[in-house]
Amino acid sequence: MHIMEGFLPPAHALGWAAVSAPFLAWGLRSMRRGLQAHPERRMLLGVAAAFAFLLSALKLPSVTGSCSHPTGVGLGALLFGPAAMVPVGFVVLLFQALLLAHGGLTTLGANVFSMAIVGPFVSYGVFRAVAALGLSRSVAVFLAACLGDLATYVTTSAQLAFAFPDPVGGIGASFTKFAGIFALTQLPIAISEGLLTVLVVNAMARF
Amino acid sequence: MVRIDAAAYACRWQGVAPSAKGLFALAGIVAAWISRSPGVLALLALMSALATLAGARVPLRTYFAVALAPLGFLSLSCLTMVLTPATGGGWQWTPSLLPKVSVIALRSLAVMTAVLGLMLTTPMPDLLLLLRRLRAPELLLDMMALSYRMLFVLRQAWDEGSTAQAARLGHRGWRQSWRSMGLLAGQMAVQVWQRASALQAAADARAWQGSLRFLPASFPNARREVALALLAGAMLLALALGDWLWA
Amino acid sequence: MNMLIELDAVAHTFADGSPGLSGCSLALAGGRRHALLGANGAGKTTLLQHLNGLLRPSEGLLRWQGQAYDYGRAGLSELRRRVGMVFQNPDRQLFSALVEEDVSFGPLNLGLDEATVRARVASALDAVGLGGFGRRPVHHLSFGQKKRVCIAGVLAMEPEVLLLDEPMAGLDAPMQAELETLLDRLAGRGVTIVLSTHDIDFAWRWADEIHMMAAGRCIASTSAVQLPAQLDALRTAGQQPPLALALHAELVARGVLPFGAAPRSVDAVLAALRAQPVTELSGEIQL
Amino acid sequence: MNMLIELDAVAHTFADGSPGLSGCSLALAGGRRHALLGANGAGKTTLLQHLNGLLRPSEGLLRWQGQAYDYGRAGLSELRRRVGMVFQNPDRQLFSALVEEDVSFGPLNLGLDEATVRARVASALDAVGLGGFGRRPVHHLSFGQKKRVCIAGVLAMEPEVLLLDEPMAGLDAPMQAELETLLDRLAGRGVTIVLSTHDIDFAWRWADEIHMMAAGRCIASTSAVQLPAQLDALRTAGQQPPLALALHAELVARGVLPFGAAPRSVDAVLAALRAQPVTELSGEIQL
């Protein structure tokens with residue numbers, strides 16, 4: 001879930017940008033280190049970012065007939081690791097803002113935090129944890145992608161609640177409101193994302 | 001994706017220096033952040049929209065089609081904000097919050113129209129040029145340049161693959177659709193590596209030196225355009241500052 | 001003649017506003033070999049994608065055995081089972097790791113049981129001459145083999161009409177000959193074949209019916225034997241007359257070959273020449 | 001003759017163990033048009049990629065004007081400036097969104113200053129007939145135009161040798177004719193052109209030198225005019241003799257055409273026929 005252009009107050013917009021920037025710098029640094037050993041990966045990162053963007057622009061068929069968009073960051077985190085997903089996710093989100101009008105430039109920092117930092121790390125952590133428990137790959141992949149997606153949406157709801165606390169119930173009530181309303185769209189997306197990621201990983205494993 | 005991209009190449013300001021358009025959009029954003037009264041915010045949004053529609057001649061249909069999704073988000077979020085917890089549990093409609101919420105909505109609109117003005121009139125390669133001038137990290141720029149080009153290649157591959165699947169009843173029902181999408185995405189994910197190595201070979205064949213260097217576009221009227229943008233931007237800022245001081 | 005598919009003044013405008021087809025009327029008889037002939041961009045692919053309902057006409061009407069196309073869910077499924085399509089680029093339509101998995105994609109979507117699917121996959125692979133290739137990985141196949149896997153994937157749905165978009169593109173001479181043999185075999189079984197090509201010599205060699213297209217219009221249809229009477233339409237479609245035809249006409253005019261039905265290929269002209277006795281004249285000039 | 005590039009018993013085995021080339025010896029004379037002729041999978045692309053150092057021989061040696069190839073960093077840059085390569089699929093080699101950006105990639109890598117690069121980009125785009133297309137996005141171009149952008153991207157490096165992998169693939173007849181004109185123009189300027197093709201009729205029509213390949217081997221090289229003496233090698237490369245050649249031989253044998261240099265295309269045979277007066281013989285048979 002993306003926060004739209006201009007929706008966050010300036011202090012929050014700039015604040016989240018400041019929070020995300022070090023992560024981006026760290027991701028780029030670890031990427032650069034990898035590229036010194038494998039210069040040919042530069043092309044790979046570009047193509048992978050394009051593929052992640054393509055996945056995020058897909059309309060998934062869902063049981064209810066409505067359409068939803070996956071984020072693709074869960075799959076990316078599993079394939080490239082969470083560190084690489086910060087810059088890749090940044091590029092995807094910037095392109096979404098500029099080419100699809102999803103999200104925005106002023107809200108890029110906040111969206112990068114929820115979708116390119118929290119999401120991939122949760123996905124990666126869940127995958128590691130579930131795999132360590134000895135459950136099947138499909139279960140691990142499903143939970144990783146699904147929970148990564150949910151973590152993104154919970155983070156976004158918290159960011160909105162933090163920016164717009166409820167005058168009566170404060171941040172807590174505001175969080176409940178945002179999380180509750182967006183759950184309608186985000187829960188099916190998280191499940192869809194999990195399913196699609198399992199199908200993709202299984203298809204890839206066969207090649 | 002195609003709609004915004006095509007509009008940017010087709011509009012009248014396509015050849016205008018991206019720095020000029022960037023400065024004008026920045027002024028629009030800052031002005032929206034400074035202003036406090038709903039009237040001035042609405043005026044700012046209107047001016048940015050008018051500049052895009054009348055100045056750059058972006059078609060009205062395109063403009064609305066692009067703005068539709070963010071407007072959906074906006075209405076849903078604003079609806080959320082005028083609900084407050086009721087004393088006896090549950091939620092209640094609180095009209096007294098409306099003025100505050102409408103300022104948030106109008107500010108959001110004013111920022112959005114400013115950015116729409118930039119993205120609907122500036123092709124991505126020009127935006128990347130602007131980012132390069134702003135000293136964005138080279139690695140990030142390379143990734144963006146390459147992935148912008150590959151977006152269209154992959155998109156076409158996806159559409160063709162998906163059509164071929166439809167011809168074999170791959171989208172007959174939602175079960176088939178899911179399976180088809182999984183197969184196609186999996187196959188294309190595998191292709192990511194092949195495409196990257198083909199691009200690498202092509203770059204090597206042209207004496208690649210380790211980064212993607214391209215000739216920057218030249219904008220012969222850049223000076224005049226930037227001056228005009230500064231003037232127009234200053235107007236927006238003056239309006240906003242006045243509002244901030246006296247509102 | 002039994003008309004399997006008819007197009008009645010079909011026009012198509014793409015979502016981006018560019019025109020695809022305009023006022024195309026065409027009738028495709030069952031059991032024949034049809035060639036859609038035209039330059040790149042003439043609308044051949046767009047027309048083919050109308051035949052199996054991948055695209056819908058913006059104006060006009062398509063009919064299957066006299067009945068207007070039904071674009072409902074069930075109608076489309078039935079149509080696409082009956083009218084199978086092989087696309088130009090194998091790499092865009094093969095998306096499984098193994099040959100037999102890919103071929104089974106269509107039959108599985110039809111909801112057939114596993115035993116039937118298995119039998120159909122085996123017979124489709126046999127039909128394209130890839131009998132023992134079921135467990136091979138697709139990415140180890142040659143371009144020509146991939147093309148045949150694509151055809152098998154459509155054959156496994158047992159279509160009545162087989163559409164092929166530029167089937168000869170990218171194939172070298174031996175692979176083209178192989179594919180022609182395969183198409184002959186399928187036509188022999190009664191499958192109606194409709195293919196697009198920009199190669200007049202191939203169309204002339206292979207087709208029973210030639211449909212000419214230019215700039216989104218269906219400018220003329222003719223049985224192949226009548227083609228020599230349609231050279232004007234051919235020119236409008238941006239095509240030269242078939243080389244074999246031109247050569248034959250010239251050689252008949254010179255009395256080198258006897259008057260008769262025009263041969264279908266330059267090879268056939270060559271064979272006819274070789275079958276002629278060498279005249280005494282040749283001796284003089286060969287000196 | 002000045003030999004620009006020589007291959008001396010070059011063999012190549014791919015990383016996965018599959019063989020690419022074995023014992024290939026070949027000499028490419030400067031300023032000529034060379035065609036590498038062979039079926040799909042004969043090793044043509046692998047050979048081309050050796051010529052500009054994208055691949056290194058597992059055994060054997062390549063020489064540039066008598067000097068062994070230098071695979072050091074500077075040597076490779078120099079080699080690739082001199083020997084440019086156009087790949088088969090434009091979507092796998094164009095990585096910039098704007099035409100002029102992509103064309104500028106090579107010259108910038110050579111370390112040229114901006115003004116020179118700008119001039120070279122403009123003249124390369126002019127050379128391929130895309131003069132006003134510099135600011136167009138690549139994704140708005142047709143396949144044929146993308147192909148020409150690829151060629152411009154190489155021309156802008158002002159190479160002495162231009163390698164093209166299956167340049168005619170995917171182009172229809174008018175686009176093929178255009179590309180042939182472009183190649184003629186470049187050859188006229190003294191650029192050495194080496195292209196791969198599986199189309200014997202094209203090779204026969206276009207090339208000065210024909211190098212035949214089969215199963216990773218360089219089985220024969222001949223000047224085009226000597227090709228009629230090499231029909232056995234041609235057969236080993238999986239090719240029929242060019243139609244024009246076979247027809248001409250037959251027509252000369254029959255005295256229909258005078259003895260002389262074989263025409264390069266069936267069209268030329270046809271033109272030669274039309275130029276001949278109709279003999280009295282024809283009257284008898286036409287009755």
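Chain naming here is simple, since letters A, B, ... match the order of the sequence lines and numbering starts at 1 in each.
- Scanning all heavy atoms of the two residues, the minimum distance from C/Pro174 to D/Gly238 falls at CG-O, 4.0 Å.
- Side chain of D/Arg274 to main chain of C/Glu250: no donor-acceptor pair is present (N/O by atom type, distance under 3.5 Å, no hydrogens or angles).
- Rounded to the nearest 0.5 angstrom, D/Asp199 CG and C/Asp172 CG are separated by 10.0 Å.
- Proximity to chain C (any heavy atom under 4.5 Å) is shown, for D/Ala169, by neither the backbone nor the side chain.
- Counting heavy-atom neighbours within 6.0 Å of D/Arg217 CZ, excluding the residue itself, gives a total of 12 or less.
- With a threshold of 4.5 angstrom between heavy atoms, D/Met175 approaches chain C through side-chain atoms but not through N, CA, C or O.
- Looking at D/Arg254, its side chain does come within 3.5 Å of a backbone N or O of C/Leu273 through a donor-acceptor pair.
- Taken from CG in D/Asp267 to CG in C/Leu247, the straight-line distance is 9.0 Å, to the nearest 0.5 Å.
- Of all the listed residues (C/Gln88, C/Gln239, C/Gln240, C/His198), the one sharing the greatest number of non-hydrogen pairs under 4.5 Å with chain D is C/His198.
- Using a 4.5 Å cut-off between heavy atoms, C/Ala246 touches chain D through backbone and side chain atoms alike.
- Inter-residue side-chain proximity for C/Leu243 and D/Leu243 is flagged as unmet; no heavy-atom pair is nearer than 4.5 Å.
- At a 4.5 Å heavy-atom cutoff, C/Ile200 makes no contact with chain D through either its backbone or its side chain.
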